[in-house]
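In listed order, ligands and their atoms are each counted from 1. Sequential numbering from 1 along the given sequence is applied to the chain's residues.
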Amino acid sequence: MTSTEGSSGQRAPLVLVSNRGPVTFDVDGSFTRGTGGLVTALTGLATHRDAVWIASAMTEGDVRKSRERRGRAFKVDTPSGEFHVRLVVSEHEAYDRFYNVVANPLLWFIQHYLWDLSNAPDIRDNEIEAFEYGYKAVNEDLARTVIEQIEGEAEPVVMVHDYHLYTLPAVVRAARPDVFLHHFIHIPWTQPDAWRVLPKRMREEIFHGVLSNDIVGFHTRSYRWNFLQCCRDLMNLEVDFEGGVVHVDGREVWVRSYPLPIDYEATRKVAASKRTKEFEAEIERRRRKHIILRVDRADLSKNVLRGFTAFDRFLGQHPEFHEDVTFIAQLMPSRMDVPEYQEYLQRIEALVAIVNHRHGTPDWMPIQLKLRDDLEEAVAAYKQYDAMIVNPMFDGMNLVAKEGPLVNERNGVSILSENTGAHEELGEWALSVNPFDIKETADMIFRALTMSADERERRAKGLKAAVTERDPGDWIDEQLADIRAKSGAMTAGTSG
Ligand code: G6P
């Protein structure tokens with residue numbers, strides 16, 4: 001398993017570690033692709049280079065598979081390529097506390113400003129114990145596997161991913177001071193006060209873990225900035241804001257931004273597939289004059305309710321659009337063991353029923369809600385929309401905002417929240433919205449559906465050019481180049 005050249009010219013192993021792996025196994029041994037931006041981001045790296053991807057066994061099927069392979073790495077052949085996967089089984093209760101109490105919702109909510117602080121969260125024994133015996137325990141389980149994987153390897157490089165694994169780097173570093181740790185965080189990093197929700201000890205363990213890395217990466221300059229501010233204000237560390245360096249325990253931690261591009265060739269292939277075309281034919285058969293689209297995980301951060309409320313307002317103000325427009329919302333149920341997510345889905349269904357009841361007619365249903373994860377079905381809708389709403393309250397990057405315009409064939413207009421990572425790159429060509437401003441969002445729906453053909457074309461071209469400028473290979477290369485630069489600097493003694 002070799003991939004990155006060490007500073008001494010020796011080949012070193014490349015190890016990826018994340019909570020969710022590239023595939024999820026069913027008890028019968030069949031598998032489906034892992035969901036979310038993280039898996040999309042790492043697929044190219046893991047299939048095109050020699051790498052071992054260490055992940056949690058998340059399902060009963062994963063656990064069986066891991067036991068069958070005695071916890072060792074094994075090969076999986078998928079339509080996206082061949083992976084070397086190593087699934088780590090944690091104790092059931094520990095995993096439940098890790099995923100359903102700490103990672104989602106506690107950390108996820110802090111990092112998307114989702115807590116309604118006068119009501120929640122309450123930090124009690126349950127949360128403290130979940131951190132100690134759930135979050136840290138699962139991090140230690142994965143860390144032990146990482147340590148085993150790199151045993152005997154000179155200059156190993158480990159790429160750690162996301163908010164599930166903040167305490168893992170410290171465990172790996174303690175066992176292997178020579179390891180190069182690179183941690184990419186796929187979600188926003190919020191400002192210092194958002195982190196004050198956590199008890200000081202918990203917060204400090206998280207920062208100590210993240211600062212055990214050599215490089216910490218984010219999607220945008222603003223998350224990078226927020227992280228640096230946290231290091232200064234919450235941890236009293238010396239920070240170089242311009243250079244993006246945190247000085248800690250005589251070491252330097254580089255803090256960088258690497259905006260994630262989409263794999264546009266892979267998405268184009270999906271767009272051209274037979275199954276996608278079948279879905280498309282069905283959409284065309286049923287289409288009215290205009291289609292508005294949203295595609296999301298059913299996550300609170302995605303702001304689905306305000307999107308529907310804006311559509312409700314738009315229909316109320318513009319009866320001339322009645323019967324002429326359909327809002328297709330393809331939402332993938334997610335994290336359904338977390339009560340906040342169950343309730344959110346119920347609220348979505350209830351609101352859709354209200355809007356459809358208020359404006360619909362016997363043969364026109366204004367909102368068509370599809371609660372499922374079907375890539376081809378979503379891509380078929382991407383090709384056909386006239387306006388796409390991507391209005392998260394806060395979102396690390398949002399790949400839908402990039403995939404939609406890539407394959408859209410109608411010069412569709414993007415209505416894009418200014419609080420998505422993607423907005424840093426696409427804002428110029430989209431109609432920007434403040435995600436909390438329902439009035440503005442409703443006005444933007446009207447503007448998108450009444451925009452001149454010339455302006456639609458100009459914006460659509462701009463979006464297509466922006467989303468094909470780089471691909472995930474470039475994203476990885478930028479990170480590997482920084483890994484080489486920093487390990488070179490460390491060997492040369494220019495950095496502690
Ligand atoms: C986001 C996170 C990923 C996560 C994905 C899906 O993209 O950054 O780490 O995997 O959501 O969430 P899930 O909880 O289903 O893994």
Are Phe308 and Phe327 an aromatic pair, judged by ring center distance below 6.0 Å? yes
I'd like a table of donor-acceptor pairs (distance under 3.5 Å, sequence neighbours excluded) in which one partner is a side-chain atom from residues 135-143, with atom names and distances.
from   : atom 1 : to     : atom 2 : distance (Å)
Tyr135 : OH     : Tyr163 : O      : 2.7
Tyr135 : OH     : His164 : O      : 3.1
Tyr135 : OH     : Tyr166 : N      : 2.9
Lys136 : NZ     : Glu132 : OE1    : 3.4
Lys136 : NZ     : Glu132 : OE2    : 2.9
Lys136 : NZ     : Glu205 : OE1    : 2.9
Lys136 : NZ     : Glu205 : OE2    : 3.3
Asn139 : OD1    : Thr167 : N      : 3.3
Asn139 : OD1    : Thr167 : OG1    : 3.4
Asn139 : OD1    : Leu168 : N      : 2.9
Asn139 : ND2    : Tyr135 : O      : 2.9
Asn139 : ND2    : His164 : O      : 3.0
Asp141 : OD1    : Arg144 : NH2    : 2.5
Asp141 : OD2    : Ser90  : OG     : 2.6

Stepwise ring-ring contact (aromatic ring centres under 6.0 Å, His included) check, Phe218 with His186: CA-CA 6 Å; Phe218 295 97; His186 293 253; over 10 Å; no
Salt bridge check, Asp233 against Arg196: does any charged N sit closer than 4.0 Å to a carboxylate O? no
Check Arg20 with Asp162, please: is the shortest side-chain N to carboxylate O separation under 4.0 Å? no
For ligand 1, find each of its N or O atoms that sits under 3.5 Å from a protein N or O atom, and tabulate the pairs with distances to one decimal place.
from     : atom 1 : to     : atom 2 : distance (Å)
ligand 1 : 8 (O)  : Asp162 : OD2    : 2.6
ligand 1 : 9 (O)  : Asp162 : OD2    : 2.4
ligand 1 : 11 (O) : Arg335 : NH2    : 3.3
ligand 1 : 12 (O) : Arg335 : NH2    : 2.9
ligand 1 : 14 (O) : Tyr99  : OH     : 2.4
ligand 1 : 14 (O) : Arg335 : NE     : 2.8
ligand 1 : 14 (O) : Arg335 : NH2    : 3.3
ligand 1 : 15 (O) : Arg20  : NE     : 3.3
ligand 1 : 15 (O) : Arg20  : NH2    : 2.9
ligand 1 : 16 (O) : Arg20  : NE     : 2.7

Lys/Arg N to Asp/Glu carboxylate O, Lys65 vs Asp62, below 4.0 Å: no
